[in-house]
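Only heavy atoms go into these numbers, but all of them, side chains included; no hydrogens, no water, no symmetry mates. Throughout, numbering of the chain's residues begins at 1 and tracks the sequence. A quick note: this is a predicted structure, and the numbers were derived from the prediction, not measured. Start at 1 and go down the list; that is how both ligands and their atoms are numbered.
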Amino acid sequence: MKVVTVLGARPQFIKAGTVSRELAKQKESGKNVDEVIVHTGQHYDANMSDIFFEEMKIPKPDYMLGVGCRTHGAMTGQMLEKIENVLVEEKPDVVMVYGDTNSTLAGALAASKLHIPIAHVEAGLRSFNMNMPEEVNRILTDRVSKWLFCPTETAVKNLHSESVENWKNDAEVHNVGDVMLDGALFYKDLAVKPNNVPDGAFILCTIHRAENTDSKERMTNIIGALNEIAHDQNVVLPLHPRTRKIIAEYGLGLDEVKVIDPVGYLNMVWLVSNCDKVMTDSGGLQKEAYFFSKPCITLRDETEWVELVSAGANKLVGANRNSIVSSINGIGSYRCSSHGLYGDGSAAEKIITCIGGRCR
Ligand code: UD1
Ligand code: UDP
């Protein structure tokens with residue numbers, strides 16, 4: 001079985017790294033599996049890309065498409081054309097795509113037009129906000145996939161409420177759990193403290209979501225809240241390059257916040273497992289806060305990970321300055337009424353069992 005993996009953005013390296021390790025394990029045990037990795041180039045800085053391949057021992061990509069830093073249409077279109085060339089050349093049995101980025105959609109569209117079966121890891125998630133580029137990407141990717149690998153029961157329900165059974169006669173929906181849990185469990189004992197983090201208690205923060213960065217009003221509120229909070233608490237902010245650029249463009253300043261460059265996954269696992277609280281607009285980090293039992297507030301108006309909110313592990317606070325400050329200060333200790341929301345840490349193994357035709 002030949003699998004072409006299409007990836008390009010930071011969270012995809014982390015998710016695919018886990019599946020890639022499982023594919024390599026199966027190959028070593030004599031199974032007939034080969035992985036060909038296609039890196040679209042969506043993320044390209046060393047600390048947004050190379051570091052994850054090195055740390056997670058992901059095989060070097062077989063194809064580097066170099067399609068980063070463009071408008072959505074140009075990026076997706078150029079990726080589509082280049083991925084199609086690769087698929088025509090490689091003739092895989094399966095194309096694997098992850099999550100909801102432009103790289104996900106381009107990989108899925110290219111495969112779909114060549115009638116190659118698609119495995120979508122992280123299928124069925126919905127924010128119900130069609131203004132998000134990710135919502136469009138994930139709905140279209142789900143629609144053309146054969147294997148819809150859901151991380152949660154909510155995701156399965158979302159697909160059924162959209163009548164997935166009527167989409168394609170070969171579509172299969174499986175709740176395999178979340179590959180990010182597999183990764184967190186595997187790497188938790190390998191975590192490394194970043195050099196430039198202050199001693200003592202700290203709040204971990206990340207911000208990059210377009211709905212925040214594209215709005216001067218929301219960014220002004222968020223940065224204002226961060227400065228207020230950082231006045232008497234340590235706030236560590238590994239800053240996404242998109243956010244760094246936009247903060248400068250809006251003329252905003254991060255006074256006492258400890259801003260660091262984006263870190264690799266081993267540093268990030270240390271940060272989330274050693275912080276006191278998390279504030280973020282990241283999808284992945286909301287779940288990692290739960291994996292490491294850290295209270296989390298989410299700087300968005302909605303989330304795809306609704307089970308965290310229902311269980312009391314996460315609070316949606318949007319981008320209002322006063323709500324952010326009062327929520328982070330009032331958050332108290334971690335509480336959560338549900339366990340095992342994201343499976344048992346064997347998502348990658350289940351995925352490969354399914355695409356190998358051995359699903360139960
Ligand atoms: C993308 C995904 C988003 C995901 C995020 C993970 C889409 C539509 N969005 O958003 O769902 O949560 O990745 O981090 O696919 N940049 C650099 N260096 C890099 C990468 C980006 O400088 O290595 C800067 C460039 O100015 C670029 C901007 O960040 O234009 C935005 O990058 P892009 O990949 O378009 O979107 P993200 O915000 O990273
Ligand atoms: N992450 C990282 N270094 C950082 C910031 C985030 O390794 O400096 C990890 C984070 O722990 C999570 C993943 O990147 O595993 C989430 O990616 P991101 O927030 O970029 O995207 P999203 O999940 O929102 O799509």
Checking side chain to side chain contact (heavy atoms under 4.5 Å, CB included) between Val263 and each of Val192, Val236, Val197, Leu271, which is the one that passes?
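Among the candidates, only Leu271 passes.
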Using the side chain to side chain contact (heavy atoms under 4.5 Å, CB included) definition, which of the options Thr104, Leu125, Leu105 pairs with Arg138?
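Exactly one option meets the side chain to side chain contact (heavy atoms under 4.5 Å, CB included) with Arg138, and it is Leu125.
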Does Arg21 make a cation-pi contact with Phe186, if we ask for NZ or CZ under 6.0 Å from the ring centre and within 45° of the axis?
yes
Nearest to [atom] by heavy atom, [options]: which?
atom: atom 12 (C) of ligand 2; options: Arg300, Glu288, Gln12; value: Glu288
atom: atom 16 (C) of ligand 2; options: Ser282, Gly99, Ala184, Pro194; value: Ser282
atom: atom 20 (C) of ligand 1; options: Glu135, Arg242, Arg10, His43; value: His43

Which of the numbered atoms in ligand 2 are below 4.0 angstrom from a heavy atom of [X]?
X: Met180; result: 12 (C), 15 (O)
X: Pro262; result: 8 (O)
X: Phe52; result: 7 (O)

Give the atoms of ligand 1, by number and element, whose distance to some non-hydrogen atom of [X] is under 4.0 Å.
X: Glu134; value: 3 (C), 9 (N), 11 (O)
X: Cys69; value: 25 (C), 26 (O), 30 (O)
X: Lys245; value: 17 (C), 22 (O), 24 (C), 25 (C), 26 (O)
X: His72; value: 8 (C)
X: Met48; value: 23 (O)
X: Arg209; value: 11 (O), 12 (O)

Among all protein non-hydrogen atoms, which one is nearest to [atom], and what is the separation to 0.1 Å?
atom: atom 17 (C) of ligand 1; answer: Tyr44 OH, 3.1 Å
atom: atom 1 (N) of ligand 2; answer: Met268 CG, 3.6 Å
atom: atom 8 (O) of ligand 2; answer: Val263 N, 2.9 Å
atom: atom 9 (C) of ligand 2; answer: Ile14 CD1, 3.6 Å
atom: atom 24 (O) of ligand 2; answer: Arg209 NH2, 2.6 Å
atom: atom 6 (C) of ligand 2; answer: Arg10 CZ, 3.6 Å
atom: atom 6 (C) of ligand 1; answer: Pro11 CD, 3.5 Å
atom: atom 21 (O) of ligand 2; answer: Pro11 CG, 3.5 Å
atom: atom 12 (O) of ligand 1; answer: His208 NE2, 2.8 Å
atom: atom 34 (O) of ligand 1; answer: Gln42 NE2, 3.0 Å
atom: atom 18 (N) of ligand 1; answer: Asp45 OD2, 2.9 Å
atom: atom 23 (O) of ligand 2; answer: Gly284 N, 2.8 Å

Salt bridge or not for [X] and [Y], using N-O below 4.0 Å?
X: Asp100; Y: Arg126; result: no
X: Glu28; Y: Lys25; result: no
X: Glu89; Y: Lys91; result: no

Take atom CD in Glu256; do more than 12 heavy atoms of anything else shown fall under 6.0 Å from it?
yes
Does any N or O in the side chain of [X] come within less than 3.5 Å of the main-chain N or O of [Y], such that one atom is a donor and the other an acceptor?
X: Glu55; Y: Tyr265; result: yes
X: Asn158; Y: Gly124; result: yes
X: Ser327; Y: Val317; result: no
X: Asn212; Y: Leu299; result: yes
X: Ser282; Y: Leu285; result: yes
X: Lys2; Y: Val36; result: no

Determine the interplanar angle of the Tyr342 and Trp305 rings, folded into 0 to 90°, and report it as parallel if under 30°, tilted if 30 to 60°, perpendicular if over 60°.
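The arrangement is perpendicular - the two ring planes meet at more than 60°.
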Do the side chains of Leu23 and Ile351 join up, straight or via other hydrophobic residues, at under 4.5 Å, putting them in one cluster?
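Leu23 and Ile351: one cluster.
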As a quick check of understanding, evaluate side chain to side chain contact (heavy atoms under 4.5 Å, CB included) for Ser293 and Tyr334, giving each step before the final call.
CA-CA 6 Å; Ser293 303; Tyr334 177 77; 3.7 Å; yes
Non-hydrogen atoms of His240 versus ligand 1: any pair closer than 4.0 Å?
yes
Please report whether the ring centroid of His39 lies less than 6.0 Å from that of Phe53.
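Phe53 vs His39: aromatic centres under 6.0 Å.
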Can you check salt bridge (charged side-chain N to carboxylate O under 4.0 Å, His left out) on Arg242 and Asp214, steps first, answer last?
CA-CA 10 Å; Arg242 173 193 196 112; Asp214 288 355; 3.3 Å; yes
Contact partition for Ser282 relative to ligand 1, non-hydrogen atoms under 4.0 Å:
neither
Could you tell me whether Met75 approaches ligand 1 through its side chain, its backbone, both or neither, with non-hydrogen atoms closer than 4.0 Å?
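Side chain only.
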Under-4.0 Å heavy-atom contact with ligand 2, by part of Pro238 that carries it
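Side chain only.
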For ligand 2, which part of Glu134 has a heavy atom less than 4.0 Å away: the side chain, the backbone, both, or neither?
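Neither; no heavy atom under 4.0 Å.
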When only distance counts, is Gly283 in polar contact with ligand 2, meaning an N/O pair under 3.5 Å?
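Yes; at least one N/O pair falls below 3.5 Å.
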Please determine whether any non-hydrogen atom of His240 lies less than 4.0 Å from an atom of ligand 2.
no
